[in-house]
Amino acid sequence: MAARRPRYLTEPTAIRWLLTGVALAFLLLFLFLPLVVVFTEAFRKGIGAYVAALADPVALSAIRLTLITAAIVVPANAIFGVAAAWAIAKFDFRGKNLLTTLIDLPFSVSPVIAGMVFVLLFGAHGLVGPYLLARDIRVIFALPGIVLATTFVTFPLVARELIPLMQSQGNDEEEAALTLGAGGWQTFFRISLPKIKWGLLYGIVLCAARSMGEFGAVSVVSGHVRGVTNTLPLHVEILYNEYQFSAAFAVASLLTLMALLTLVVKGLMEWRSGRRANA
Amino acid sequence: MPDKGTKRGNVLPGFGLAMGFTLAYLGLVVLIPLSTIILKTATMTWGQFWDTVAAPRTLYACRLSFFASFVAALINAVFGLLVAWVLERYDFPMKRFVDGLVDLPFALPTAVAGIVLTTFYSGNGWIGRYLEPHGIKIAYTPLGIVVALTFVGLPFVVRTVQPVLRDLDIQVEGAAASLGASRLHTFRSVILPQILPATLTGSTLAFARALGEYGSVIFIAGNMPMRSEITPLLIMIKLEQFDYAGATAIALVFLLTSFSLLFLINMVVLRRQAEAAGGA
């Protein structure tokens, strides 16, 4: 579109080149080269060392724990996101702004503090911790704590994708379906859900990426037991602090691939919705 | 009464179910856990609370957190605006790829960002080895903290400014040009006032994100008390020493300070937005 701008509505060529150059240099330095660093460092000792770092039993158990955590957190937050978006986007009620602010709250809480509140609740000296520990239910330094902390940190992601999307789409199709005699759930599954599927998919992918990559909050509640309560990001930290740089970057490259996949899905979603807008 | 509590005579079902689930889940996952901060702080005496919060190490960490986050937000305001401008207005090869890459800091786990930036900027790193001979040390100094915080906040300004730039009315620029305004003059008095609120909103988001950031910072910061120790790390250290009361006190003060600061900034931004809308 820039090419179609008349000359008096854009900058002289030299300025355009200069601004583009500075912007690209900034992105190269902060985004692109760091990305190259991950894969260069990961393969520095060859593909054999790379595979060995990932096939290590401790790494495998970290992968398993990370996947289990995401498998619990993502559906829970996705269902919440749909419910919250349904209530906020389709209905008017008092206190809507307050509710929206509260949903966004976990974004402005440091991950360390997010982990801390669960230690205060479920730790050995916490509010309900001693009661649960007496019944042999471990939350902190175990899977439930990791799941809770991760849920907190990724809490708003799906809701935030869906609320503006549902608001912009309006209720006409749903109202038509209901007038024609469809039931509530039928309307939801056959009308509303298909309407938001790309937004929901991106929300889920983002939530999955964030929950597998969460570090600060999980670091507080996990207890760092090797092969037991170590997630992938914690495993990266341990390897790095033990100066096993290639192994650390090998594991980090897995997480980076996951991040890149998220970006691809986002690009696809924007491409799809852009095509529909033009059609 | 399907439309109870709604204004539009809404025929859609499921308000009670959706709302009930939303509130219950919000309460269980977010509000009840967060309220333990206040409950825990309430068990401390005023003297204990004050000794923890007013300790020089705590004060230094808080000052560093706010200052480094502010500098990073400022860098992101300038460069974010520039990147958004270039992406929206100019053409260059691989533009779509570059545009997509801007979101990387949202998706990349912070621990990965941390070890990558450290490797990149440390004394024998890719960039660090060219800077260190000139006396510029980035890794293991407060400067490194700013670099990490700039990285995590990078997408915010770009993504808030981009849609505003896209929707700008091109005829206003045409009018300015036909009235004899230079391009720079047009930018300063026509374009900038319209994109400034979005820039401020974006940098506020980046600032808020930077304040609580932990993973990407701890690797590059060096973590020396009274030099490169940020508040989230100090809270983490207190937790590892089982000083839960101390950690909670710092967390409470830190949260309250950041919330009120963000609230203030948002008020200013909203007022500017109202002025821009009313004065245009």
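Order of the sequence lines sets the chain letters (A, B, ...), proteins ahead of strands, with each chain counted from 1. FYI, side chains are in, hydrogens and waters are out, and symmetry mates aren't considered; it's all heavy atoms of this structure.
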Reported CD1-to-CG distance for the pair I127(B) and L29(A), which is rounded to 0.5 angstrom: 5.0 Å
Of all heavy-atom pairs linking T20(A) and Y90(B), the shortest is OG1-CD1, 3.3 Å
Residue pairs passing the salt bridge (Lys or Arg N to Asp or Glu O under 4.0 Å) test with at least one member in residues 103-117 of chain B, sequence neighbours excluded, are K266(A)-D103(B), D103(B)-R159(B)
Interatomic distance, L121(A) atom CG to I32(B) atom CD1 [nearest 0.5 angstrom]: 8.0 Å
Spacing of T119(B) atom OG1 and F249(A) atom CZ [to the nearest 0.5 Å]: 3.0 Å
On a heavy-atom basis, which atom in L31(A) and which in L101(B) lie closest, and how many Å separate them? CD1-O, 3.4 Å
OH of Y214(B) to CD of E214(A): how many Å apart, nearest 0.5 Å? 11.0 Å
Parallel, tilted or perpendicular: which fits the ring planes of F15(B) and F91(A), with parallel below 30° and perpendicular above 60°? tilted
In residues 204-213 of chain B, which residues are in contact with chain A at a heavy-atom separation under 4.5 Å? R209(B), G212(B)
Non-neighbouring partners of Y244(B) that pass ring pair (Phe, Tyr, Trp, His ring centres under 6.0 Å), sequence neighbours left out: none
Here the side chain to side chain donor-acceptor pair (under 3.5 Å) pairs for residues 25-42 of chain B, sequence neighbours left out, are N77(A)-Y25(B)
So, the side chain of R210(A) versus the backbone of F106(B): is there a donor-acceptor pair under 3.5 Å, distance only? yes
Do the two ring centres, one from F151(B) and one from F30(A), sit under 6.0 Å apart? no
